[in-house]
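So you know, we letter chains A, B, ... as the sequences are listed, proteins then strands, and number each from 1.
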Amino acid sequence: MIHPTPRLRFAPSPTGALHLGGARTAMYNWALARSLGGAFVLRIEDTDQARSTDESLQIILKGLAWLGIDWDEGPEFDAGDRTNGGGEFGPYFQMQRLDRYRETAAQLLASGHAYRCYCSTERMEKVRAEQKANKSTFLGYDGHCRNLTDDERTAYEEQGIKHNLRFRMPVDRVIVVHDLIRGEVEVNTKQLDDWVMVRPDGVPLYNFACVVDDVDMLITHVVRGEEHFLNGIKQNLVFEALGHECPEYAHIPLILNQKGGKLSKRDPGVKSTLEYRDLGYPPEAVFNYIALLGWGFSADRDVFTRDEMVAAFKIGSVGKAGAKFDVTKLHWMCGEYIRQWSAEQCLVRCRQWLLSELPEESWDKHAGWLRNVVACYQERVQVLSEFPEKIQWLLKDPELDDAACKSIKKRSDSKQWFKGFADLLETLPMAASFPADRGDADEAVRLPTREGQPEPESSFATPAALERAARQWAEEQEIKFGHFVGPVRAALTGTNKGPGFFDVVFLLGKEACVRRLRKQAEL
RNA sequence: GUCCCGUUCGUCUAGUCCGGCCUAGGACCCUAGAUUUUCAUUCUAGUAACAGGGGUUCAAAUCCCCUACGGGAUACCA
């Protein structure tokens, strides 16, 4: 048997956000395509005209691009570093493929696989209600128009009644499908009704359009959510009616919310993909996390790159059970990625969150200082949107929080220390405070200060120089260094958390340190 | 109602296909300790699971059956 080029597709309908479940489906398709050396196609299923919007389309495209899921064929999209889309099997919007559906529908009508149905929505509702009332084991179309005579059809037409097209399902036939995840599953067509392929207005419905496109686009593998499992059976029969072989199917379980229920927009922590972007989640981390929902990279590793995932990905090893979404682990994963970056990389990534608090010009003017600020918080944040709040104390004199007040009150000598330490700082060649020009103070110093690193040389007081001066002073004053740091940090930063004490003093600069110490000394 | 799928630490999972290497491994969370000027990071240690019941077998998390529970489907949505 000839093995065709693997071609996979993700086929979203642009009727809303790309939530993480959809993103994961796209990712599994993408990963399988990449690992097989095949093509990844993005097809837009916009036949539900009432709900499809261009806005949703853009959200989906941006969401995929943000996660680094690139497509070989599909809508064209400029992702900055590359252009996705295009391709010779287009158009990739279903509403632009109506001719193909029309042709194929005519073919199926002619071959008897489809028939015209004149039943009204009202009648269908009534049939359905009766079936429920009778506790029927079968719910669905009753086949009213399945065997209409020509005369009956003509009569309907003459009354001006529009028809839709239904697929004639085989009666009582067992369909065996081989699913890459579920294995062999048997379904009896008794469960399925004659479903609608084409609406009265000529617009096709999902199960029909999907097959026509999968045939035309030479799709070889279909990876999608398990809510489509039964659709797979219906589609199977359309492929058969059309004389084509079925693609391989893989139905992946859904992502569940923390309670084990279906993911919905109301669930906390379960948002549209772009919301994660806007909250400063690193895309690599989100990618990594959702890959893990239903799949294991290896027995002892959870953190891996896109390339590593592609190399390791096997669709058959995706689990059959639904996975619950755990925001806490996502957050841990984010922190893990942020810590992997160099300080410089982190700075660039943080740009928008820093500039939300700072004048644009400070990006260049205080480049070194910002680099050091970011570096000090790199191991203290999990999402980048934490930055604005974290750096407030550097920008304006802080209100003291409870822990800070407590820390100051704990030592009866606090206020004397503030005054004395302020006096000391005034004698040192310290860098100025933001927004004043700090000269090249930040050029030589690379924060955070770590044990054992060589001491930088600078005409300014470095954290190491500050520490020497402070320790010596404390010794002369017979102050226990450990006692002194807590209250002073509180006075300087307004809290008892944060970077190393001398990094704090260094970053804050002379004027602000002295001002805050004297202010607290007098309260 | 009917049909399909599932169920390993609180959570994500490894192991299940081809029963013995499983006194069930890793990660998140939590707890304790170490390091530290705080917080964080880092490191060490600890708690914690084969849904229940029957079989088959010398041997079952792994195979079979039943029950319970969960998810999905049952649209002129996708």
Side-chain angles (χ1 to χ4, degrees), chain A residues 11-13 15 45-48 50-52 117 119-121 124 128 131-132 134-141 162 164-166 179 181-183 185-188 190-193 195-201 203 205-207 209-210 224-231 233 251 253-254 256 258 260-262 289 292-303 316-317 319-333 335-336 339 376-381 403-404 407 448 450-451 467 470-471 481-486 488-490 493 495-502 504:
Chain A
S13 64
T15 54
E45 310 217 325
D46 53 356
T47 55
D48 185 349
R51 294 193 300 145
S52 296
C117 169
C119 295
S120 65
T121 321
M124 281 314 299
R128 178 166 226 79
Q131 286 168 340
K132 285 207 169 170
N134 298 340
K135 299 203 165 147
S136 164
T137 58
F138 172 80
L139 297 178
Y141 186 59
K162 299 246 181 192
N164 54 35
L165 228 51
R166 283 187 190 269
D179 189 281
I181 291 171
R182 294 190 177 199
V185 184
E186 293 183 359
V187 176
N188 193 305
K190 275 195 269 191
Q191 289 298 315
L192 277 3
D193 67 352
W195 46 278
V196 177
M197 294 165 47
V198 183
R199 297 179 175 94
D201 63 3
V203 177
L205 256 39
Y206 171 71
N207 282 118
C210 185
R224 76 233 302 190
E226 72 178 359
E227 74 270 24
H228 287 298
F229 182 78
L230 225 43
N231 289 331
I233 307 290
H251 289 95
L254 273 19
L256 311 172
Q258 272 125 332
K262 187 171 182 170
Y289 177 71
L292 246 19
L293 252 21
W295 180 72
F297 176 75
S298 76
D300 52 10
R301 256 183 79 193
D302 279 349
V303 181
S317 54
K320 292 185 196 135
K324 293 189 186 115
F325 186 89
D326 179 17
V327 202
T328 312
K329 186 155 185 178
L330 206 210
H331 282 173
W332 165 80
M333 185 76 78
E336 201 70 6
R339 273 175 255 122
C376 283
Y377 281 99
Q378 203 175 338
E379 61 194 29
R380 280 170 243 266
V381 299
S407 169
R450 302 223 190 257
E451 195 78 20
E467 174 159 11
R471 283 189 187 274
F481 185 71
H483 290 181
F484 150 88
V485 162
V488 176
R489 166 191 294 282
T493 68
T495 179
N496 62 346
K497 298 176 180 176
F501 179 73
F502 298 102
V504 162

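Atom P of B:rC22 sits at a distance of 28 Å from the matching atom of B:rC65, rounded to the whole Å. Using C1' as the reference atom, B:rA61 and B:rG6 are 16 Å apart when rounded to the nearest Å. The separation of B:rC17 from B:rC64, taken at their P atoms, amounts to 9 Å, rounded to a whole angstrom.
Shown here, B:rU31 forms a base pair with B:rA45; the pair counts as Watson-Crick or G-U wobble because both key distances fall under 3.5 Å.
Side-chain atoms of A:Glu379 lie closest to B:rA40 of the nucleotides B:rA40, B:rC77, B:rC4. The side chain of A:Trp332 sits closest to B:rC28 out of B:rA78, B:rC28, B:rU42. Checking B:rA14, B:rU37, B:rG72 against every side-chain atom of A:Phe502, the shortest atom distance belongs to B:rU37.
Using a 4.0 Å heavy-atom distance criterion, A:Arg471 is classed as a sugar-phosphate-only contact. Heavy atoms of A:Val187 sit nowhere under 4.0 angstrom from any nucleic acid atom. A:Asn496 comes within contact range of at least one nucleobase, with a heavy-atom separation under 4.0 Å. Contacts of A:Asn188 with the nucleic acid, taken as non-hydrogen atoms under 4.0 Å apart, are absent. No engagement by A:His331 is indicated, since no non-hydrogen atom pair under 4.0 Å with the nucleic acid exists. A:Ser13 comes within 4.0 angstrom of the backbone, heavy atoms only, and of no base.
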Requested in this report: Check the pair A:Leu330, A:Phe325 against side-chain contact (heavy atoms from CB on, under 4.5 Å), reporting the backbone distance first and the verdict last.
Outcome: CA-CA 9 Å; A:Leu330 206 210; A:Phe325 186 89; 4.1 Å; yes

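For A:Arg450, no side-chain nitrogen or oxygen approaches OP1 or OP2 of B:rU42 to under 4.0 Å. Neither OP1 nor OP2 of B:rC77 sits under 4.0 Å from any side-chain N or O of A:Thr47.
Aromatic ring pairs are classed by plane angle as parallel below 30°, tilted from 30° to 60° and perpendicular above 60°; the pair A:Phe502 and A:Phe481 is parallel.
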Please write out each protein N/O paired with an N/O of nucleotides 9-13 of chain B under 3.5 Å, distance rounded to 0.1 Å.
residue : atom : partner  : partner atom : Å
B:rC12  : OP1  : A:Lys324 : N            : 2.9
B:rC12  : O2'  : A:Leu292 : O            : 2.9
B:rU13  : OP1  : A:Gly294 : N            : 2.3

